[in-house]
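This report refers to the structure that appears directly beneath it.
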Amino acid sequence: MTRQLIADLMKSETGLDSVVIQGWVRTRRDSKTFFFLEINDGSCLKSMQAVVNEDAAGYADSKGIATGASVTVKGRLVASQGKGQKWEIQADSVELVGSADETFPLQKKRHSNEYLREIAHLRPRTNFYGAVFRIRSKLAFAIHRFFNDRQFFYVHTPIVTASDCEGAGELFRVSTLDPKNPPLGEGGEIDSSKDFFGRSTYLTVSGQLEGETYASALGNIYTFGPTFRAENSNTSRHASEFWMIEPEMAFCDLAADMDLAEEFVKSVIKEVMESCADDLELFFNFIDKELRQRLEFVLSRPFQRVTYTEAVEILQACGKKFENKVEWGVNLQSEHERYLTEEHFKSPVTVYDYPKELKPFYMRANDDGKTVAAMDVLVPGIGEIVGGSQREERLELLLENMKKHGISEKDYWWYVDLRRYGSMPHAGFGLGFERLLMFITGVGNIRDVIPYPRVPGHAEF
RNA sequence: UGCCCUGUAGCUCAGUGGUAGAGCAGGUGACUGUUAAUCACUUGGUCGUUGGUUCGAAUCCAACCGGGGCAGCCA
């Protein structure tokens with residue numbers, strides 16, 4: 001007899017004569033001749049209450065069945081006499097599978113997220129983290145479905161890469177050289193040609209450039225995989241290892257790119273709200289009282305859309321004191337982005353057409369000579385969740401840009417080739433998976449939505 | 001990387017210069033339906049570390065270590 005999932009039993013229309021559940025004891029309440037067990041098997045937020053009378057098999061040996069232990073309970077699914085649950089199991093037998101002694105760190109009370117991070121191997125056994133990671137799974141699936149439904153192809157871009165991409169932040173080096181005795185070149189520098197790949201390699205910071213090559217063949221593609229940034233960022237929304245979704249569309253301009261980003265965010269939120277209603281209740285009730293309203297608001301209204309220039313004008317005219325001055329040509333700071341999305345528009349905002357000096361070499365120059373076809377989607381509470389652009393498809397302009405940014409044409413020969421052979425307008429964006437999950441759950445720290453978060457100084461587990 | 005906050009029992013925290021406390025958890029007992037069960041009793045501490053000030057330091061000061069927040073960088 002195989003175990004049945006509590007998620008399924010909870011939905012049962014009728015009582016059942018013979019059921020088996022296996023899971024972990026959340027709490028035990030003793031009475032003189034019987035006890036209650038609350039058992040969670042991870043299949044859903046709810047735990048199943050089992051009533052174990054003294055005539056149940058295993059009752060005599062049940063002393064070790066305490067919080068944290070794993071158990072098998074066989075019995076009948078019956079309507080509960082008590083309040084708080086529809087169904088409970090009247091146990092015919094109870095069996096201790098694996099005990100948990102009094103050192104088991106999870107107690108039947110609230111723990112701080114900071115404490116639970118230190119026991120990240122056990123925290124998924126709590127209601128909060130169980131819900132986070134069930135939703136994480138469903139969200140990932142919703143993302144694949146979104147693209148699959150629209151005939152996008154899923155491309156696996158490399159995780160080890162040689163492109164010191166975009167001249168952006170620091171990269172993690174990938175090497176098999178002996179750090180104590182690396183081969184040296186004539187100038188005393190490490191000779192990467194002797195390394196495993198015959199050159200310097202890194203963990204990817206983005207699959208975009210490779211994604212563009214596949215969009216230039218399959219049409220519409222997306223990537224969804226781990227991404228690594230070695231920046232010494234210490235904030236609640238940065239991790240050194242995170243997952244990113246990067247669609248890339250051939251024959252597509254910035255307007256359609258923004259349309260897709262907005263549709264994407266709405267669609268996956270809608271799907272998660274339907275498929276994870278129970279788990280989301282926990283966040284609505286205990287994490288953020290305004291969360292439900294905010295998600296429904298996002299679904300019901302179009303995103304606001306402003307150019308960078310308009311955003312600057314709004315910020316300059318709003319009369320609010322900012323720590324950092326707002327000036328055309330300067331990056332919007334967190335406080336500015338937050339003002340736009342949280343106070344001025346009170347909704348997600350897409351800001352587009354940024355000054356070209358602020359953006360990387362691959363973004364397409366606009367006709368005004370000053371801006372590029374870039375866009376960021378900002379959401380309340382988190383800030384930037386999507387960054388994207390239309391790519392520069394014109395060979396001469398791309399080469400010119402690369403020169404300006406000090407990027408070697410030789411290293412990116414294959415990327416430049418796309419502009420030589422059948423070039424076409426194309427666009428895409430990158431979306432931080434964890435940031436989206438934070439937005440949907442209202443969880444305030446990225447370390448609480450990744451099973452084993454990697455941040456500067458921390459790689460335990 | 002910069003600025004700020006913080007470290008007391010297994011957990012959450014009180015104690016702010018004069019003999020270390022509470023709730024929960026753990027243990028023992030009671031209880032015929034509990035829901036973070038309840039009730040009674042009970043175990044449990046080099047007050048992060050090192051140094052300094054003081055007759056006396058959990059308390060004041062410094063450094064270091066750990067945790068957190070904000071900013072920059074971005075997703």
Exercise for the section: For the residue pair T307(A) and D353(A), confirm or rule out a side-chain donor-acceptor distance under 3.5 Å. Expected result: no
Exercise for the section: Give a yes-or-no answer on whether the side chains of T27(A) and K108(A) include a donor-acceptor pair shorter than 3.5 Å. Expected result: yes
Please tell me if [X] has a side-chain N or O lying less than 4.0 Å from either OP1 or OP2 of [N].
{"X": "T235(A)", "N": "G69(B)", "answer": "no"}
{"X": "H458(A)", "N": "G67(B)", "answer": "yes"}
{"X": "R229(A)", "N": "G72(B)", "answer": "no"}
{"X": "S31(A)", "N": "U34(B)", "answer": "no"}

Could you check whether [X] gets within reach of a base, just the sugar-phosphate, or nothing at all, counting any heavy atom under 4.0 Å?
{"X": "G82(A)", "result": "base"}
{"X": "T33(A)", "result": "nothing"}
{"X": "S236(A)", "result": "sugar-phosphate"}
{"X": "E241(A)", "result": "nothing"}

Practice task
Tell me which nucleotide among C70(B), G68(B), C11(B) gets nearest to the side chain of N234(A).
Solution key: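 Nearest to the side-chain atoms of N234(A), counting from C-beta on, is C70(B).
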Practice task
Counting heavy atoms from C-beta on, name the nucleotide in A75(B), G68(B), C31(B) closest to the side chain of E384(A).
Solution key: A75(B)
Exercise for the section: Using the P atom as the reference point in each nucleotide, state the distance between U59(B) and G51(B) in Å, no decimals. Expected result: 14 Å
Problem - P spacing across the pair C60(B) / G17(B), given as an integer number of angstrom - result: 8 Å
Problem - G33(B) base stacked by F36(A) (centroids within less than 5.5 Å, tilt under 30°) - result: no
Problem - U12(B) - base-pair partner by Watson-Crick or wobble geometry, distances under 3.5 Å - result: A22(B)
Handout entry: Watson-Crick or G-U counterpart of C39(B), or none if no pair lies under 3.5 Å
Key =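 Pairing partner, where one exists within any strand: G29(B).
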Taking the side chain from [X] and the backbone from [Y], do they hold a donor-acceptor pair closer than 3.5 Å?
{"X": "T341(A)", "Y": "R338(A)", "result": "no"}
{"X": "N445(A)", "Y": "R447(A)", "result": "yes"}
{"X": "R123(A)", "Y": "F128(A)", "result": "no"}

Handout entry: Check: G10(B) base within 3.5 Å donor-acceptor of Q107(A) side chain
Key =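 By the distance-only test, yes, there is a pair.
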